[in-house]
Amino acid sequence: MAISENGTKLANLVNPEVLADMISAELPNAIALAPLATVGRKLQGRAGDTIKFPAWNYIGDANDVAEGADISITQMGTTDTSVTVKKAGKGVEITDESVLSGYGDPVGEAKNQLKMSIANKIDNDLFEALSTATLTASGAMTVAGLLTAKAKFGEYVDQPAVLVVSPNNYVKIATEIVGLENTDKVLINGVVGKVAGLQVKVSGKVNDTTAYIVAPGALGIELKRGVMVESDRDIIAKYTVITADEHYATYLKDASKAIKITIA
């Protein structure tokens, strides 16, 4: 049966600006590791695809100073972290027939699918940044092994942090996991409890030989601009193409807040 000329066409339902605003607003919550990252917009309005972020080096603890003696002077310095801006993008095709059939909400589903596609790509890059952690430990996936690994935080060993493990490694510690207390602040979505003082997050993006202990602020996400959504019509086949892309950079913002565990 021919499509009615008076029917609602997909072109009438797609508003790229509205979709872009919706995806941009929902994207941070869709990125699994975003709660452990600092989201910035320093890249906006800056030219170039490589940006350096300076991090001040610690000058060391103060010294005892005898009466009349000079205070020791230490030169302040920085370590630059270079990050490269990436573009993540994805597109979908929706036919007019799929809208006119009245089955589901293809435009809304396209928005959700595009959002999750970009969010998962940024998550992948955040895990790649975690893999560069300079605080490292190795041992068995046990309470004792996790306590030993957590000790890499030094005097900040009791800071709130998340243990990110694979499903198989979660099984190894499942009997040791307890529920969160009323005073605990949930650090990341999907926490299944805590073990060794760490909130536990299970992720299929971690392999069985690696786990991470991550404190809030360990990671950085820099957004070059908001999500851009564009659409175009194929007037012969009568379908609409919708694409979405985001320019961003991910990096290990604070190396003192991430521990990479190699599991024996």
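Quick caveat, the model's predicted, so the values are computed rather than measured.
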- Message: When you compare the side chains of Thr209 and Asn207, does any donor N or O come within less than 3.5 Å of an acceptor on the partner?
- Response: yes
To the nearest 0.5 Å, tell me how far [X] [atom1] sits from [Y] [atom2].
X      : Y      : atom1 : atom2 : result
Leu114 : Leu27  : CG    : CG    : 11.0 Å
Leu219 : Asp125 : CG    : CG    : 11.5 Å
Ser231 : Leu19  : OG    : CG    : 8.0 Å
Ile259 : Thr134 : CD1   : OG1   : 10.0 Å
Asp70  : Asn63  : CG    : CG    : 12.5 Å
Thr74  : Ile71  : OG1   : CD1   : 11.5 Å

Kindly indicate whether the side chain of [X], heavy atoms from C-beta on, has any atom under 4.5 Å from the side chain of [Y].
X      : Y      : value
Val195 : Met141 : no
Val85  : Lys87  : no
Thr250 : Ile122 : yes

What pairs meet the salt bridge (charged side-chain N to carboxylate O under 4.0 Å, His left out) rule with one or both residues in [range], with sequence neighbours excluded?
range            : value
residues 152-174 : none
residues 107-117 : Glu26-Lys111, Glu26-Lys115
residues 179-198 : Glu181-Lys194, Asp184-Lys194
residues 129-138 : none

Taking all heavy atoms of [X] and all of [Y], pick out the closest pair and write down the distance.
X      : Y      : value
Ile188 : Val191 : O-CG2, 3.1 Å
Val165 : Val200 : CG2-CG1, 4.2 Å
Ser203 : Val164 : CB-CG1, 4.0 Å
Ala215 : Pro160 : CB-O, 3.7 Å
Ala149 : Ile213 : CB-CD1, 4.1 Å
Ala110 : Val92  : CB-CG2, 3.9 Å

- Item | Any donor-acceptor N/O pair, Lys238 side chain to Thr95 backbone, under 3.5 Å | no
I'd like to know if [Y] and [X] are part of one continuous hydrophobic network [Ile/Leu/Val/Met/Phe/Trp/Tyr, side-chain heavy atoms within less than 4.5 Å].
X      : Y      : answer
Leu180 : Val202 : no
Phe127 : Tyr248 : yes
Val186 : Val214 : yes
Leu252 : Leu126 : yes

- Determine, step by step, whether Ile173 and Val143 satisfy the side chain to side chain contact (heavy atoms under 4.5 Å, CB included) criterion, reporting the C-alpha distance in whole Å, the side-chain angles of both residues, the deciding distance to 0.1 Å, and the verdict. CA-CA 8 Å; Ile173 57 173; Val143 173; 6.0 Å; no
- What residues, two or more places apart in sequence or in another chain, satisfy side-chain hydrogen bond (donor to acceptor under 3.5 Å, both in side chains) together with Glu176? none
- Name of the residue among Asp234, Ile242, Val241 meeting side-chain contact (heavy atoms from CB on, under 4.5 Å) with Glu93: Val241
- With Thr148, which residues qualify under side chain to side chain contact (heavy atoms under 4.5 Å, CB included), at least two apart? none
